[in-house]
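Owing to the predicted nature of the structure, the values given are computational and were not obtained by experimental measurement.
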Amino acid sequence: MQPSPEKQREMLRQMQMIRRFEERASDDFHAGGIYGTVHCYIGEEASGVGVCAALNRDDQIISTHRGHGHCIAKGADLNRMMAELYGRETGYCKGKGGSMHIADFSIGMLGANGIVAGGIPIITGAGLAAQLDGTGRVAVAFFGDGASNAGPFHESINIAATWKLPVIYVCENNQWAAQTSAGTTTALPDIAARAAGYGIPGIIVDGNDVIAVYEAAVEAVARARAGEGPTLIETKTYRWRKHTELKSQLDRRPVEEVEAWKKKDPIPRFIDHIRSQQGQLTDAEWDEMDGQILAEIEASVVFAKASPFPAPEKALEDVFAD
């Protein structure tokens, strides 16, 4: 079930691309170039990449307000992403959606949703559509531990389990829902334990181990494609940054907790895995990969800054579907 050496290299590249993209987005937000706010995915890269590496291009996903990583893992265009963050007309949503609402149907990215648990019923509907059209597609919902306490989570899993829809529910448990510790809002220590109430598999995986996430996702995808119904995967992970990049944003997490999780950084952990399993990836090769990534991100910023803002008279366009 382990991905090929070539695929592992690409997965590592995606993880580092997410890390560097988020670092640049944070810097540019604080410099005043990006409007609204930014929710960084730093520290959680293995979760999104591990799951998306198990999917086909036409498989569909839906994301959250912390969705840049999922977009990149699914193959989104960096230029259009950065332009959207900058509010420019060349962005994915013509500069009208901003950081939290990127979508690209051509790669199966059905959108990022600023509403907690808002994407879960949408992707459940996508799973129903996949079942009805018989193409073998699967649908994946990414959400956080906070969303697992919301009604749409339970309602969606219940109907998906009853109808055996090809849906994978991925709870990225980063331990904190904004300022609220997951341990203070759930009676059980594991979100995945709730799967038993709906008669579906509940899988707990180390969310900082991209290979472990990938293997769990491969199994869930195979089950979904075989018509056996949904799976709930809980990836135990952690966000390094505050809930948002706003300077006024409170951060109630203990400093020692944050530092302990930083020592579990999924990227050097994956590098060590590749080196131990393949005997490859020298420091020079890694530096070259990182340099290429930084160059691509810089080019996306140049593209964004050179793009026009949407004209005011276009504010009401694209509000309704044709």
Are the side chain of Arg223 and the backbone N or O of Pro230 linked by a donor-acceptor pair below 3.5 Å? yes
For Glu219, does the CD atom have more than 12 heavy-atom neighbours from other residues, nucleotides or ligands under 6.0 Å away? no
Contact between Val140 and Lys74 at the side-chain level, heavy atoms closer than 4.5 Å - yes or no? no
Assess whether a salt bridge exists between Lys7 and Glu10, defined as any Lys/Arg side-chain N lying under 4.0 Å from an Asp/Glu carboxylate O. no
Restricting to side chain to side chain contact (heavy atoms under 4.5 Å, CB included), what partner residues turn up for Phe105, sequence neighbours left out? Ala103, Leu110
Cluster question for you: counting only ILVMFWY and a side-chain heavy-atom cut-off of under 4.5 Å, with indirect links fine, are Val210 and Val51 together? no
Decide if atom CG of Leu246 counts as having more than 12 heavy atoms of other residues, nucleotides or ligands within a radius under 6.0 Å. yes
Would you check if the side chain of Ser156 reaches a backbone N or O of Phe153 as a donor-acceptor pair within less than 3.5 Å? no
Can you check whether Ser99 reaches Ile34 side chain to side chain, under 4.5 Å on heavy atoms? no
Closer than 3.5 angstrom, by distance alone: can the side chain of Gln60 be matched with the main-chain N or O of Ala139 as a donor-acceptor pair? no
Same cluster (ILVMFWY, side-chain, under 4.5 Å), Val213 and Ile18: no
Quiz question: by atom type and distance under 3.5 Å, do the side chains of Glu22 and Trp240 form a donor-acceptor pair? no
Output yes when a side-chain donor or acceptor of Glu257 lies under 3.5 Å from a complementary backbone atom of Pro254, and no otherwise. no
Pairwise distance CD1(Ile211) to CD(Gln2) - rounded to 0.5 angstrom: 5.0 Å
What is the distance from atom CZ of Phe142 to atom CD1 of Ile62, rounded to the nearest 0.5 Å? 11.5 Å
Looking only at non-hydrogen atoms, find the nearest pair between Ala117 and Pro121 and report the distance. O-CD, 3.3 Å
Note, Cys71 side chain near Tyr92 side chain (heavy atom, < 4.5 Å): no
Show the numbers, then the answer: is there a salt bridge (Lys or Arg N to Asp or Glu O under 4.0 Å) between Arg269 and Asp206? CA-CA 12 Å; Arg269 182 173 176 179; Asp206 181 348; 2.8 Å; yes
Is the Tyr35 ring parallel, tilted or perpendicular to the Phe309 ring (thresholds 30°, 60°)? tilted
Nearest heavy-atom approach of Ala220 to Ile233 is CB-CD1, 3.9 Å
So, taking the atom named OG in Ser300 and the one named CE in Met82, what distance separates them when rounded to the nearest 0.5 Å? 3.5 Å
dist Thr37:OG1 -> Glu245:CD (nearest 0.5 Å) comes out at 7.0 Å
How about CG on Leu250, more than 12 heavy atoms from neighbouring residues, nucleotides or ligands closer than 6.0 Å, or not? yes
Given Ile42, which partner from the list Arg239, Glu23, His68 fulfils the side-chain contact (heavy atoms from CB on, under 4.5 Å) test? Glu23
Kindly give the heavy-atom pair with the smallest separation between Ala182 and Asn173, and that separation in Å. CB-OD1, 4.1 Å
Under 4.5 Å between any side-chain heavy atoms of Ile120 and Ile157, yes or no? no
For the residue pair Tyr214 and Pro3, establish whether any side-chain heavy-atom pair is separated by less than 4.5 Å. yes
Consider only side-chain heavy atoms of I, L, V, M, F, W and Y, link residues closer than 4.5 Å, and tell whether Ile61 and Met11 are in one cluster. no
Is any side-chain heavy atom of Phe29 closer than 4.5 Å to a side-chain heavy atom of Leu85? no
Determine the minimum heavy-atom distance between Arg275 and Leu281, stating which atoms define it. NE-O, 2.6 Å
Salt bridge (Lys or Arg N to Asp or Glu O under 4.0 Å) between Glu89 and Lys314, intermediate numbers included: CA-CA 10 Å; Glu89 196 170 42; Lys314 295 183 178 181; 2.9 Å; yes
Would you confirm whether Arg66, through its side chain, and Tyr41, through its main-chain N or O, come within 3.5 Å as a donor-acceptor pair? no
Is it true that a side-chain atom of Gln8 and a backbone atom of His273 form a donor plus acceptor pair closer than 3.5 Å? no
Show the nearest heavy-atom pair for residues Ser47 and Val170, with the distance to one decimal. OG-CG1, 4.4 Å
Contact check, side chains of His101 and Lys96, non-hydrogen atoms, under 4.5 Å: no
Arg137: salt bridge (charged side-chain N to carboxylate O under 4.0 Å, His left out) partners, not counting sequence neighbours: Asp133
Hydrogens and angles aside, do Thr237 and Glu172 bring a side-chain donor and acceptor to less than 3.5 Å of each other? no
Check: Ile293 and Phe21 side chains under 4.5 Å, non-hydrogen atoms: no
Determine, stepwise, if the pair Asp290 / Arg19 fulfils salt bridge (Lys or Arg N to Asp or Glu O under 4.0 Å). CA-CA 10 Å; Asp290 189 37; Arg19 176 71 57 90; over 6 Å; no
Any luck finding a side-chain donor-acceptor pair between Asn208 and Tyr238 under 3.5 Å? no
To the closest 0.5 Å, what do you measure between NE2 (His39) and CE (Met100)? 5.5 Å
If you compare all heavy atoms of His243 against all heavy atoms of Gln179, which two are closest, and at what distance to 0.1 Å? CB-NE2, 4.1 Å
Distance-only donor-acceptor hits, side chain of residues 190-205, under 3.5 Å, sequence neighbours excluded:
{"from": "Asp190", "atom 1": "OD1", "to": "Lys236", "atom 2": "NZ", "distance (Å)": "2.8"}
{"from": "Arg194", "atom 1": "NH1", "to": "Ser148", "atom 2": "O", "distance (Å)": "2.5"}
{"from": "Arg194", "atom 1": "NH1", "to": "Ser148", "atom 2": "OG", "distance (Å)": "3.3"}
{"from": "Arg194", "atom 1": "NH1", "to": "Asn149", "atom 2": "OD1", "distance (Å)": "3.3"}
{"from": "Arg194", "atom 1": "NH2", "to": "Asn149", "atom 2": "OD1", "distance (Å)": "2.8"}
{"from": "Tyr198", "atom 1": "OH", "to": "His154", "atom 2": "ND1", "distance (Å)": "3.0"}

Go through the structure and list residues passing salt bridge (charged side-chain N to carboxylate O under 4.0 Å, His left out) with Glu6, not counting sequence neighbours. none
Pairwise distance CZ(Arg24) to CD1(Ile297) - rounded to 0.5 angstrom: 8.5 Å
Side chain to side chain contact (heavy atoms under 4.5 Å, CB included), that's the test. Do Asp77 and Asp104 meet it? Break it down for me. CA-CA 9 Å; Asp77 180 81; Asp104 183 351; 5.8 Å; no
Any sub-3.5 Å donor-acceptor pair from Arg88's side-chain atoms to Lys305's backbone N or O? yes
Please list all pairs passing the salt bridge (charged side-chain N to carboxylate O under 4.0 Å, His left out) test where one or both residues lie in residues 154-165, with sequence neighbours left out. none
Those residues that, when tested against Glu296, pass salt bridge (charged side-chain N to carboxylate O under 4.0 Å, His left out) (two or more places apart): Arg13
Whether Glu234 side chain and Cys171 backbone form a donor-acceptor pair below 3.5 Å: no
